[in-house]
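Below is one structure, written out as structure tokens; the observations come after it.
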Amino acid sequence: MAISNNIQGRQYDSYTQVSDGTALRVVTAPDDGSTGLVYASGAAQTIPAANTVLVQKQTLNGRGGSWFVYNSGATQISVDMYAAYVSGSVDVLATGWEKVWDKVGSTQNIAAANTKHIPFNNKYRYVALVGYTSAGTSDGVEAYLYALN
């Protein structure tokens, strides 16, 4: 069965055999190579009680994605995702950022020495990730953003 059959080309559902004898459906897309991946990372040696940008403004233009946050510190951290739609919007936490950036979703808490996967599928133009602690500081926090083109 054709997934797409327009003048641009034709894509078909394809199946591959797996070891237990069942078929596994594989769907390909025109851009499924490494150029089809938006990737960004950020790290904070120390996250204080004040907001700290983990991953600064990234352009998604409507693609869903996932955040991966690794907290190797000894204190729980909280992270908030922010989104903006304004073309040329300022970076998160820059002067006047509150006018163009909105917090989306709920605050995610990552316990000390833990990891959290935070998927999203809403259609955002720009996203950023901010972290903070409720008390003390947390060392060695890393955050990654993955999104498909």
Side-chain angles (χ1 to χ4, degrees), residues 1-14 24-149:
M1 171 168 67
I3 294 174
S4 157
N5 87 8
N6 56 38
I7 193 97
Q8 310 303 323
R10 193 172 267 209
Q11 291 181 337
Y12 292 90
D13 287 346
S14 54
L24 177 67
R25 180 170 174 242
V26 177
V27 178
T28 59
D31 186 9
D32 58 359
S34 61
T35 59
L37 182 67
V38 173
Y39 166 78
S41 66
Q45 282 305 109
T46 303
I47 291 187
N51 286 338
T52 302
V53 175
L54 292 172
V55 177
Q56 192 51 272
K57 178 173 86 174
Q58 298 297 313
T59 305
L60 290 185
N61 288 333
R63 296 182 295 265
S66 289
W67 297 104
F68 293 88
V69 182
Y70 303 91
N71 179 11
S72 61
T75 305
Q76 173 182 296
I77 65 166
S78 299
V79 294
D80 291 326
M81 176 178 168
Y82 286 88
Y85 291 95
V86 178
S87 177
S89 62
V90 299
D91 286 344
V92 171
L93 303 184
T95 302
W97 76 279
E98 302 92 346
K99 296 175 184 174
V100 293
W101 288 92
D102 295 306
K103 180 184 166 206
V104 294
S106 55
T107 299
Q108 299 293 313
N109 298 309
I110 299 108
N114 271 312
T115 301
K116 184 116 183 183
H117 168 227
I118 309 162
F120 60 91
N121 59 8
N122 293 28
K123 306 297 184 191
Y124 302 116
R125 186 169 188 185
Y126 304 110
V127 296
L129 192 68
V130 173
Y132 55 93
T133 64
S134 58
T137 60
S138 187
D139 295 328
V141 175
E142 298 176 51
Y144 299 89
L145 168 67
Y146 294 92
L148 291 176
N149 278 339

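Note that the structure is a prediction, hence the values are computed from the model and not measured.
- In plain terms, the two heavy atoms of Ser41 and Val55 that are nearest each other are C-CG2, 4.1 Å.
- We find the CZ-OG1 distance between Arg125 and Thr59 to be 8.0 Å, quoted to the nearest 0.5 Å.
- Looking at every heavy atom in both residues, Leu54 comes nearest to Ala143 through CB-CB, 3.9 Å.
- In this model, no donor atom of one side chain and acceptor atom of the other lie less than 3.5 Å apart for Ser72 and Asp139.
- Ring centers of Trp97 and Tyr82: under 6.0 Å apart, within the cut-off.
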Using side chain to side chain contact (heavy atoms under 4.5 Å, CB included), reason through Gln76 and Ile110 one step at a time and then give a plain yes or no.
CA-CA 6 Å; Gln76 173 182 296; Ile110 299 108; 5.9 Å; no
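- Residues satisfying the side chain to side chain donor-acceptor pair (under 3.5 Å) criterion with Asn51, sequence neighbours excluded, are absent altogether.
- Taking the six-membered ring for Trp and the full ring otherwise, the centers of Tyr144 and Tyr70 sit less than 6.0 Å from each other.
- Using a 4.5 Å cut-off on side-chain heavy atoms (C-beta onward), Lys57 and Ser89 make contact.
- For Ser138 (side chain) and Thr75 (main-chain N/O), a donor-acceptor pair under 3.5 Å exists by modelled atom type.
- Atom OG1 of Thr133 is separated from atom CG of Asn71 by 10.0 Å, given to the nearest 0.5 angstrom.
- Considering only heavy atoms from C-beta on, Gln56 comes within 4.5 Å of Val92 through its side chain.
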Residues 111-123, side-chain donor-acceptor partners within the protein, below 3.5 Å, at least two apart:
from, atom 1, to, atom 2, distance (Å)
Lys116, NZ, Gln108, OE1, 3.3
His117, NE2, Ser66, OG, 2.9
Asn122, ND2, Tyr124, OH, 3.2

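- Across all their heavy atoms, Gly64 and Ala147 have their closest contact at O-CB, 3.3 Å.
- Within the 4.5 Å cutoff, the side chain of Thr95 has no heavy atoms near those of the Val90 side chain.
- Between Ile77 and Val69, some side-chain heavy-atom pair lies under the 4.5 Å cut-off.
- One distance of note links CD of Gln58 with CZ of Arg63; it measures 10.5 Å at 0.5 Å rounding.
- Under the 6.0 Å cut-off for aromatic ring centres, Tyr126 and Tyr85 do not qualify, their centroids lying 6.0 Å or more apart.
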Between Phe68 and Leu145, does the side chain to side chain contact (heavy atoms under 4.5 Å, CB included) criterion hold? Intermediate values first, please.
CA-CA 7 Å; Phe68 293 88; Leu145 168 67; over 6 Å; no
